[in-house]
Amino acid sequence: MRECILGNFRRRLLGVLKTDNDLQRPTVLESLIKRHISIVHLAEQHISMDITQGIREVLLSEAFPGPVSSLHLFEKPTDQHTGLVTESVCNWYIENIIKDVSGAGILFVPIHKCFRSTRPVGGYFAESVTDLRELQAFVRIFGGYGVDRLDRMLKEHTDALLNCIDTSLRSNRDVIEAVATRLHAGDRIEREASVKQIVDLETGIGFCVQAGLALAFDQLLAEASGAILEEGAPLIHSLLDGVVKHLSDGVPEKEEIRRMRTVANTVGVNNHDSVWVRSILEEVGGASDGSWGLLPYIFATFMTSNIWSTTAFNVDTEGFSNNIHCLARCISAVIAGSEFVRLEREHQHRQSLTNGHASDRMDPELSSHMSAEASIKSTLQLFVKLSADIIQDSWSETHRHPRGGDSPQYYGHESGYFEGSSSHSQEHLYEADIGSLRSMDNKQRNVRCSGPLDYSASRSRVKSVEGSTSGSTGPSPLPRFAVSRSGPLAYK
């Protein structure tokens with residue numbers, strides 16, 4: 001009787017996992033499982049038999065895909081056939097949300113912390129299965145084993161993308177070195193000629209955007225895990241939250257500290273992105289080539305891409321229409337993670353040469369912490385400076401609408417301009433905008449078009465509008481904003 005009831009429970013669990021269209025929503029799946037468990041408990045009272053332990057065994061066997069990698073050090077058995085439900089759900093998320101094999105137009109929405117799709121993915125739109133509420137239900141159903149499995153699959157996918165970035169760096173190394181030389185020399189013409197020689201630049205941008213999407217999803221998964229842990233075990237959550245703030249950033253990092261940081265990262269109480277990328281590079285031996293030192297330069301050349309002229313910023317989602325906002329996330333995480341790996345390998349090399357004897361007068365742990373932090377900051381600052389130089393060099397007065405005069409222009413769908421690095425220039429431009437708006441009263445307001453590239457199509461449309469609206473004195477046609485400040489990267 002016991003085996004019959006548990007067998008029926010297992011079949012029911014596998015049956016409610018999928019609908020006629022596709023994956024069942026985690027919240028619906030959770031409610032169905034709870035309902036069936038209550039029915040089993042009701043039957044348990046009439047047969048005087050302990051079935052609760054059997055239910056736990058069934059749930060564990062279907063959710064257990066192997067030991068949690070950050071906690072258990074033993075290997076997974078090769079003949080293990082458990083965790084079928086977890087495998088099925090995790091594969092669905094990877095294939096349909098992260099890789100978007102069905103072409104549903106998956107977009108990451110930062111303001112709502114979820115993914116959206118232009119059409120249904122299976123039976124639901126993407127936001128119905130990726131918001132924090134649904135991911136929390138996923139964590140409650142599959143526990144730490146399910147979270148670790150999905151995190152592992154996300155890492156495998158990101159590792160493949162980082163390998164593509166590594167291949168691009170090595171194949172374009174000579175050209176990127178030439179670009180770096182031209183950037184520091186201020187030779188714009190030669191620099192532009194060298195940039196045009198970079199092979200598959202647009203493809204590299206696509207890889208980075210996909211990596212940024214994986215980072216965003218894993219961050220949401222970590223936040224959902226942290227919320228469930230804080231709800232069920234608040235003392236453990238507070239312990240992790242307190243300990244991680246005092247972990248040393250020394251290079252090389254001790255194994256105990258590394259494991260603690262990894263565990264904290266899975267529940268969202270750590271600097272997620274850089275730690276996550278760093279763990280990937282350390283596991284697979286990535287960032288081993290000297291060409292990784294050229295990351296700021298190849299990332300800066302992304303500002304010359306045509307992708308900026310084919311995207312639009314959506315204020316309702318705080319993101320761009322083609323997920324290009326995920327590019328900045330990938331760039332910062334890859335630079336920070338690769339710098340840590342590089343410094344650790346340099347330290348190991350020095351240790352091998354000195355036979356483990358420290359030669360620095362300064363405390364080794366403090367020195368390594370300062371060097372790692374300073375190296376990451378300087379590399380990121382170099383990238384920002386180079387990107388700003390490229391964008392500013394790409395500008396000319398013909399790339400922007402007139403800011404005043406008797407012929408106001410209107411084009412409501414182009415937005416913003418790249419904010420310069422000088423705070424004085426930003427204040428000056430902002431004051432000029434305010435003065436211009438106040439002087440125009442009820443006239444049509446100006447909208448500036450901007451970006452690192454030439455908006456030739458926009459200017460042609462503006463010229464046609466200018467001829468027909470130069471004498472207009474009606475209310476402004478702008479739907480919401482007179483001036484939109486944006487650019488290829490969002491600096492907060």
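Computation of the quantities below employed the complete heavy-atom set of this structure, encompassing side-chain atoms and omitting hydrogens, waters and symmetry-equivalent molecules. Sequential numbering from 1 along the given sequence is applied to the chain's residues.
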Check: How close do Leu281 and Arg345 get, heavy atom to heavy atom, and via which atoms?
Finding: O-NH2, 4.0 Å

Notebook entry, point to check: Taking only residues two or more places apart in sequence, or in another chain, which ones meet Ala233 in a side chain to side chain contact (heavy atoms under 4.5 Å, CB included)?
Noted result: Leu229, Ile236

Notebook entry, point to check: Taking only residues two or more places apart in sequence or in another chain, which ones pass side-chain hydrogen bond (donor to acceptor under 3.5 Å, both in side chains) with Ser274?
Noted result: Asn271

Next item on the list: Look at Arg152 together with Asp148 and state whether they make a salt bridge at an N to O cut-off of under 4.0 Å.
Entry: no

Next item on the list: Look at the side chain of Asn172 and the backbone N and O of Val199, then say whether any donor-acceptor pair between them is shorter than 3.5 Å.
Entry: yes

Notebook entry, point to check: Backbone N or O of Leu60 within a donor-acceptor pair of the Tyr145 side chain at under 3.5 Å?
Noted result: no

Next item on the list: Applying salt bridge (charged side-chain N to carboxylate O under 4.0 Å, His left out), name anything that partners Glu95, two or more places apart in sequence or on another chain.
Entry: Lys99

Checklist line | Those residues that, when tested against Leu107, pass side chain to side chain contact (heavy atoms under 4.5 Å, CB included) (two or more places apart) | finding: Asn323

Notebook entry, point to check: Quick one: salt bridge (charged side-chain N to carboxylate O under 4.0 Å, His left out) partners of Arg140, sequence neighbours excluded?
Noted result: Glu30

Atom pairs and distances, donor-acceptor, side-chain atoms in residues 207-222, under 3.5 Å, two or more places apart:
residue: Asp218; atom: OD2; partner: His272; partner atom: NE2; Å: 2.6
residue: Asp218; atom: OD2; partner: Trp276; partner atom: NE1; Å: 3.2
residue: Gln219; atom: OE1; partner: His272; partner atom: ND1; Å: 3.4
residue: Gln219; atom: NE2; partner: Glu223; partner atom: OE2; Å: 3.3

Checklist line | Ser321: partners by side-chain hydrogen bond (donor to acceptor under 3.5 Å, both in side chains), with sequence neighbours left out | finding: Thr311

Next item on the list: Sequence neighbours left out, what passes salt bridge (charged side-chain N to carboxylate O under 4.0 Å, His left out) with Asp273? Give chain and number order.
Entry: Arg329

Item checked: Glu134 side chain to Ser128 side chain, donor-acceptor N/O pair below 3.5 angstrom -> no

Next item on the list: With sequence neighbours excluded, give me every side chain to side chain donor-acceptor pair (under 3.5 Å) pair touching residues 332-341.
Entry: Glu339-Arg342, Glu339-Ser375

Margin query: Applying ring pair (Phe, Tyr, Trp, His ring centres under 6.0 Å), can you list everything that pairs with His112, at least two apart in sequence or on another chain?
Written below: none

Note to self: Is there a salt bridge (Lys or Arg N to Asp or Glu O under 4.0 Å) between Asp159 and Lys155? Walk through the geometry before answering.
What the structure shows: CA-CA 6 Å; Asp159 171 43; Lys155 281 185 176 180; over 6 Å; no

Notebook entry, point to check: What pairs with Arg188 under side-chain hydrogen bond (donor to acceptor under 3.5 Å, both in side chains), at least two apart in sequence or on another chain?
Noted result: Glu192

Margin query: Taking side chain to side chain donor-acceptor pair (under 3.5 Å) as the cut-off, I'd like each qualifying pair that reaches into residues 228-241, sequence neighbours left out, listed once.
Written below: none

